[in-house]
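Report on the following structure.
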There are 2 protein chains.
Amino acid sequence: MNERSEIIALSDPQTEGETRRSADSSERAYNTIRKLLVEFKLKPEERINEVQLSRSLGVSRTPIREALNRLASEGFVSLTPNRGFFVRSLSTEGLLDLYELRTIIECAAFRLMCQRAEDDQIERLRAYWTAIVEGYQDHPPDVILAEDEGFHLLIAELSGNPELVHQLSSINARIRFIRRIQIEHRTHDKAQVSSHSAIVEAAMNRDIERGVELLRNHIEMTVSATQQALKDALLKVFAPGDASSKTRRRRA
Amino acid sequence: MNERSEIIALSDPQTEGETRRSADSSERAYNTIRKLLVEFKLKPEERINEVQLSRSLGVSRTPIREALNRLASEGFVSLTPNRGFFVRSLSTEGLLDLYELRTIIECAAFRLMCQRAEDDQIERLRAYWTAIVEGYQDHPPDVILAEDEGFHLLIAELSGNPELVHQLSSINARIRFIRRIQIEHRTHDKAQVSSHSAIVEAAMNRDIERGVELLRNHIEMTVSATQQALKDALLKVFAPGDASSKTRRRRA
DNA sequence: CGTCAAGAAAGTGTCGACACTATTGCGTTC
DNA sequence: GAACGCAATAGTGTCGACACTTTCTTGACG
């Protein structure tokens with residue numbers, strides 16, 4: 001029984017018993033597949049079988065392919081002509097590059113925010129943070145992650161440049177899987193909290209240099225933990241006993 | 001005869017008379033449609049008719065849709081559920097945001113290049129520029145544009161971060177249409193040339209601050225010209241007599 | 001005359017099928 | 001027994017068709 005017969009329900013289960021095709025299964029396929037990627041249900045370097053996926057999700061291959069194309073331009077998967085889609089690899093360098101890009105975007109966003117945002121907008125940032133800071137460390141990992149991303153996204157929004165928001169969202173999605181693992185480790189929660197508070201303070205003082213410095217440290221701090229998290233991720237993904245030789249190929 | 005019956009040949013015309021479907025028409029559709037967008041054959045805000053396009057390109061709707069999905073995640077077009085794809089609007093703010101993002105990426109790339117690149121890599125940059133500087137101003141606009149993009153992309157490559165290359169490529173593609181118009185105006189060729197030379201020099205001296213400053217000016221210089229270019233673009237696109245009221249909608 | 005509604009037309013979203021390509025397994029040859 | 005090639009299988013790329021949604025047209029009603 002090689003056929004993986006488990007049915008992965010689409011995020012939004014269709015409430016109707018009728019077969020009538022209703023809404024936008026392409027969008028749902030996108031969300032579902034992205035989740036599979038984030039959660040390592042689809043493993044790095046693995047070839048994605050469209051037919052199998054379409055059976056699992058209960059839709060035809062068309063919406064699957066549309067979703068995969070989107071995911072390809074976002075960097076989640078890659079497309080090799082006539083061979084299909086492959087899950088993005090889980091290389092350390094790739095991740096570090098992504099973190100570096102994130103730092104660049106965030107620092108620039110902070111700078112622009114300080115230069116452009118009105119006081120009441122900065123106040124929104126402060127309010128956002130104080131609203132969640134209380135129970136921050138006690139929240140479940142997913143919530144912490146969402147709150148953290150929300151904080152940084154808000155800075156991007158306050159920069160006044162929607163492109164920055166878009167870029168940051170995209171980057172966040174791609175590093176989310178590893179961040180979640182990091183957060184589960186609970187390595188430096190306290191440092192995170194004080195970082196955020198300090199960033200808010202710098203924003204209120206419009207102190208660009210300090211804010212940029214804080215952000216840089218804030219992100220680089222997590223980068224150091226990424227190395228360890230990656231090892232754990234690899235262990236978690238290629239379960240013990242799973243001879244990963246199938247995916248271990250020569251690399252140019 | 002409302003049906004626009006002109007056949008737009010795909011970039012790579014099929015040499016065989018036989019109808020047999022050969023290679024990757026999705027990729028070709030992507031390139032062709034992107035060119036149509038860049039050249040304003042498809043006008044801003046316009047709704048894209050998939051059937052019409054597929055007839056023009058001589059392929060079915062499937063590869064058209066795949067191409068459009070890719071173009072959507074790259075920001076060339078937008079997708080409204082059940083209504084289809086629309087050409088990205090030609091708003092000034094949007095373009096300025098993009099230029100701003102470009103400045104951010106490029107300055108960061110320069111910084112990283114100075115910190116990381118070997119001397120012989122910097123030499124490659126110098127060589128690239130000296131190789132093209134001679135006839136630079138006499139080249140046709142498309143060539144100038146390609147050479148300029150190549151120069152900046154090379155800096156991104158030398159930063160050692162492939163993500164920066166990818167981002168910059170994507171940005172370039174999106175602002176290419178307006179840059180081409182700018183270049184056709186031939187406003188400040190000489191300034192461009194000397195900018196590039198100065199940037200190379202700063203790179204060889206590993207003078208980050210100077211290089212960043214040069215880049216910032218270099219790009220912002222073109223931004224000022226963008227305003228004018230945009231007006232021209234609008235005129236060019238919505239030909240005289242074409243009552244553009246159809247596309248002129250209220251904006252929030 | 002303008003407004004609105006119902007029907008017609010146009011267009012998108014998804015499907016199943018088929019052509020072509022890559023991969024796997026098997027038999028042949030040395 | 002190993003390397004090679006060939007057939008069988010699995011999988012992607014594209015197509016034409018159809019269901020559903022939006023948009024346009026037309027005609028009734030105020």
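Residue numbers start from 1 in every chain, and the chains themselves are labelled A, B, ... in the order their sequence lines are given, proteins ahead of strands. Hydrogens, waters and symmetry mates are skipped; everything else that's a heavy atom, side chains included, is used.
Contacts classified as ring-ring contact (aromatic ring centres under 6.0 Å, His included) and involving residues 56-105 of chain A (residues at least two apart or in different chains) are not found.
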Protein-nucleotides 7-11 of chain C N/O pairs under 3.5 Å:
from    : atom 1 : to       : atom 2 : distance (Å)
dG11(C) : OP1    : Asn49(B) : ND2    : 2.8

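Rounded to whole Å, the distance from CG on Leu79(A) to P on dG11(D) is 17 Å. Atom-to-atom, CD of Glu66(A) to C1' of dT12(D) comes out at 16 Å; the value is rounded to the nearest Å. Separating the CZ atom of Phe86(A) from the P atom of dG11(D) is a distance of 12 Å, rounded to the nearest angstrom. The interatomic distance linking Phe85(A) (CZ) with dT12(D) (P) rounds to 9 Å, in whole Å. One can place CG of Asn82(A) at 17 Å from P of dA19(C), the figure rounded to the nearest angstrom. Between the CG atom of Leu53(A) and the C1' atom of dA10(D) there is a distance of 16 Å, given to the nearest Å. Protein atom CZ of Arg61(A) is 15 Å distant from nucleotide atom C1' of dG16(D), rounded to whole Å. Separating the CG atom of Asp24(B) from the C1' atom of dT12(D) is a distance of 11 Å, rounded to the nearest angstrom.
The pair Glu118(B)-Arg124(B) fails the salt-bridge criterion, with no side-chain N (NZ, NE, NH1 or NH2) lying under 4.0 Å from an Asp/Glu carboxylate O. Under a 4.0 Å N-O distance rule, the pair Glu46(A)/Lys41(A) does not qualify as a salt bridge.
For the pair Val77(A)/Leu42(A), no side-chain contact is recorded, criterion being any heavy-atom separation below 4.5 Å from C-beta on. The side-chain heavy atoms of Leu71(A) and Arg88(A), taken from C-beta on, include no pair separated by under 4.5 Å. Between Ile183(B) and Asp148(B) there is no side-chain heavy-atom pair separated by less than 4.5 Å.
Listed pair Thr62(A) / dT14(C) fails the phosphate criterion, with no side-chain N or O lying under 4.0 Å from OP1 or OP2. Ser60(A) has no side-chain polar atom (N or O) that falls below the 4.0 Å cut-off from OP1 or OP2 of dT14(C).
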